[in-house]
Amino acid sequence: MKKLLFSVISVLLFFTSLRAEISTIPIENPHLTAEQGVVQAQFNCGVIKNDNVLEKNNDVESVKTFRLMAASGIALGQNNLGEAYANGRGVTKNYQEAVKWYRLAAQHGFAKAQYNLGIMYERGLGVPQNFDLAVQWYRLAAAQTDIAIRPNYAIISSTGDGITSSAGEILKEYLRSAAKGFAVAQNNLGAMYEMGEGVPKNYTEAVRWYRLAAAQQMAMAQYNLGSMYERGLGVPQNDTIAVRWYTLAAARNLPIAQYSLGWMYSMGQGVPQSDVQALKWYSLAAQRGFVRAQFNLGVLYQDGRGVPRNIVTASRWYRLAAEQGRMKPYYDFSVGYYNNPAQAFDQNDKEVLKWYYDATVKGLPQAQYSIAEILYQGLNVKQDYVRAVKYYRQAADKGLSLAQSNLGLMYYKGEGVKQNYTEAQKWFRLAAAQGLAVGHYNLGWMYYQGQGVAQSFTEAVKHYRIAAEKGLSQAQFNLANACYNGEGVPKNYTEAAKWYRMAAQNGLAISQFNYGAMLYKGQGVTKNSAEAVKWYRFAALQKLAVAEYNLGWMYYNGEGVKKDNAEAVKWYRLAADKGNAHAQCHLAWMFSNGFGVLKNNVEAMKWYRFSALQGNPNAQYYLGVMIEKGEGVTASKTDALQWYKLAADRGLPQAREAIKRLKQ
């Protein structure tokens, strides 16, 4: 679909483990402590491309995440919590609860929740059956898709009949209702002919039915008819007529028509180019929750087009769009079908690929970019980095900042081209010059590393700050690291905490952990163990091992949360299974003492050994203790001495004392 674009991003995160320490106490009563609040500011996020995706949790853990998101007013979490209740995934099935959460998300303008709420009303699940309300919610959802009331979304005619079981029966119902002059049925019949659902695809017939419904002042049909003129489907292509129909539908407060009219003014298609008019129509659609309009409105405020430049307002609109899950707005050449290449290929529609290739022949840089993305990701085609580079370059040469940034990434990683940092920074710089956040971010990384440019922490911070102010979480994280470590800026814990918090609120797990650590230590913020637990939990629910470990430690020590050894064991085990040496050591301690779990020296030995083999001196020491005492293994002072020596070499005083004792 037509839209202003931003780069899609993902991140490779690296982090160290918390340092664990041993208290100086007798061997007979070993006890572990851990130094909390060790901020992971040693490692920055590297160059990025695609949006990071949370790992799949099990159902119960997922519900916890959804509930936290929902409590924060995030529509995506509210909808997902509703789906959990509707399907009995991770919670007891409860249609009333499902409706409650769907409604909250739907009121935020979240299309999927609107659709789900329509289903509940249509089927009478959790609410009294009501076809009229079902149609209303379906219609709101359909307004945020590219076709009005798709047959597979809202198979309900204006007579109030419910869903029928086959496309043939649906067609009969629509034909019967359309013949009676019902505009909804005429519009839906047009949609079926446009998409080839239940009938052979026929754009001329689609236009005929849309026109009949549009003549009855049905806004959806007016929009759909305008879309056919814009694309030249079933009628000669004519932007002026398209604008005429969009205007009629927009005047009836249809968000997708207002958005489309804004786009036409933005591009000067069928009307004189006017950013002021584009701003007006995007604003109307955005205020009604239309995600693409919210995003494009953010772009206009960011660039100062048609309105004074205002980064704060831009960020607000971006955030509204992001909260509805619109984090990856791709260029969609096949208007009326799909929102992004990945979604198109989830449906195995080869026609979408044809649309993109046709568009590249016409030299459209957005389509060239989309083809490059398809080839890079291998979406229903053979992955081909070399050809991806070709299409990225075509779009980059035409000035598309997204393509410039991704072409830079190809040079940086040596994918499809010979690795060349100088070329990488050149393309990152071109993208940054156009204000692309990820371009500034990646250029900052090059300066930080001294790759392709002379190393300069000051320049790195400059570009990180620009990207951070545009809301890019990885840039916010790296800027926080710079403030924490005093790299390129004076050391400032308050500023570090501020930027960690911003990235944490954007969902970056490692930043959630670091903000929690600063809360625990009171660095740059007021010390607050309960808040630290909250942020550790957010990060732990994203399966960040060091956060799982710290959360376990908080439960074990009853800091910021009621002491609970069983919960401590749970979180230690999750981190230990991921290879966190300190969690393995602490889990072993729990098994050896029967804290929160049945005492089991064999299990304790196993986990101490896993941790010790990773060089953890605490585990090496306690492994020596168990071997010396014959707990879970045959006693052996010789073997115990070997582990004590390894721990002593790493500076553990208790290990040195144990060696002296055994040699006496």
Side-chain angles (χ1 to χ4, degrees), residues 15-38 42 545-546 548-559 563 565-664:
F15 49 86
T16 61
S17 301
L18 284 179
R19 184 174 71 252
E21 297 178 351
I22 301 292
S23 56
T24 308
I25 53 179
I27 295 175
E28 289 74 19
N29 185 27
H31 178 70
L32 292 170
T33 65
E35 182 182 46
Q36 286 279 333
V38 178
Q42 301 95 325
V546 70
E548 293 170 334
Y549 162 66
N550 269 22
L551 188 55
W553 192 93
M554 300 293 271
Y555 272 110
Y556 177 71
N557 289 279
E559 291 210 38
K563 180 177 174 64
N565 285 337
E567 274 293 299
V569 167
K570 165 189 161 183
W571 291 108
Y572 283 155
R573 190 188 297 275
L574 287 170
D577 285 339
K578 294 180 178 68
N580 185 282
H582 303 303
Q584 291 168 341
C585 186
H586 283 229
L587 182 59
W589 167 252
M590 303 299 273
F591 273 113
S592 68
N593 290 278
F595 294 152
V597 67
L598 291 176
K599 181 179 174 68
N600 188 325
N601 285 333
V602 174
E603 278 291 297
M605 279 290 297
K606 180 184 83 173
W607 288 109
Y608 276 141
R609 191 177 299 277
F610 282 153
S611 183
L613 290 172
Q614 292 193 64
N616 187 315
N618 307 314
Q620 291 167 341
Y621 170 70
Y622 283 114
L623 187 58
V625 170
M626 292 194 75
I627 292 172
E628 182 184 356
K629 297 171 72 173
E631 295 178 341
V633 68
T634 303
S636 171
K637 291 185 178 181
T638 301
D639 290 345
L641 188 60
Q642 290 179 349
W643 288 109
Y644 288 148
K645 286 180 178 178
L646 287 172
D649 288 343
R650 292 180 176 273
L652 201 65
Q654 298 96 315
R656 288 194 289 268
E657 291 299 319
I659 292 170
K660 289 179 183 178
R661 178 172 48 76
L662 286 179
K663 287 185 175 180
Q664 287 176 353

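Owing to the predicted nature of the structure, the values given are computational and were not obtained by experimental measurement. Keep in mind that the numbers below use all heavy atoms, side chains included, and drop hydrogens, waters and symmetry copies.
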Are side-chain heavy atoms of Cys585 and Trp607 found at a separation under 4.5 Å?
-> no

Nearest atoms (heavy-atom pairs only) where Glu631 meets Met605 = O-CG, 3.5 Å

Separation between CG of Leu623 and OG of Ser611, rounded to the nearest 0.5 Å = 9.5 Å

Any side-chain heavy-atom pair of Lys570 and Tyr555 under 4.5 Å | no

CG/Leu574 to CG/Leu587 distance, rounded to the nearest 0.5 angstrom?
-> 10.0 Å

Nearest heavy-atom pair of Ala619 and Ala612: which atoms, and what distance?
-> CB-N, 3.5 Å

Check step by step if side-chain contact (heavy atoms from CB on, under 4.5 Å) holds for Tyr608 and Asn618.
-> CA-CA 9 Å; Tyr608 276 141; Asn618 307 314; over 6 Å; no

Look only at the side chain of Lys563 and the backbone of Asn557, and say whether a donor-acceptor pair between them is shorter than 3.5 Å.
-> no

Roughly how far, to the nearest 0.5 Å, is OH of Tyr644 from NZ of Lys660?
-> 15.0 Å

Mind checking whether Tyr556 and His586 have side chains closer than 4.5 Å, heavy atoms only?
-> no

Could you tell me the separation between the OG1 atom of Thr638 and the CG atom of Leu662, rounded to the nearest 0.5 Å?
-> 9.0 Å

Begin with the C-alpha distance, continue with both residues' side-chain angles, and end with the deciding distance and a verdict on side-chain contact (heavy atoms from CB on, under 4.5 Å) for Phe591 and Val597.
-> CA-CA 6 Å; Phe591 273 113; Val597 67; 3.4 Å; yes

Side chain to side chain donor-acceptor pair (under 3.5 Å) evaluation trace for His582 with Tyr549 | CA-CA 8 Å; His582 303 303; Tyr549 162 66; 5.1 Å; no

Okay, side chain of Gln584, backbone of Ala576: is any donor-acceptor separation there less than 3.5 Å?
-> yes

For Ala583 and Ala575 the tightest heavy-atom approach is CB-CB, 3.4 Å

Under 6.0 Å from the NZ atom of Lys606, do we count more than 12 heavy atoms belonging to anything else shown?
-> yes

Mark yes or no for whether Lys599, through its side chain, and Ser592, through its backbone, hold a donor-acceptor pair below 3.5 Å.
-> yes

Trp643 and Tyr621: CA distance, side-chain angles, deciding distance, side-chain contact (heavy atoms from CB on, under 4.5 Å) verdict = CA-CA 6 Å; Trp643 288 109; Tyr621 170 70; over 6 Å; no

For Gln620, the option from Gln642, Gln614, Arg650 that meets side-chain contact (heavy atoms from CB on, under 4.5 Å) = Arg650

Just how far is it from atom CD1 of Ile627 to atom CZ of Arg609, taken to the nearest 0.5 Å?
-> 5.5 Å

For the atom pair CD (Glu603) and CE (Met590), what is the distance rounded to the nearest 0.5 Å?
-> 14.0 Å

Given Trp553, Tyr572, Trp571, the one that forms side-chain contact (heavy atoms from CB on, under 4.5 Å) with Glu548 | Trp571

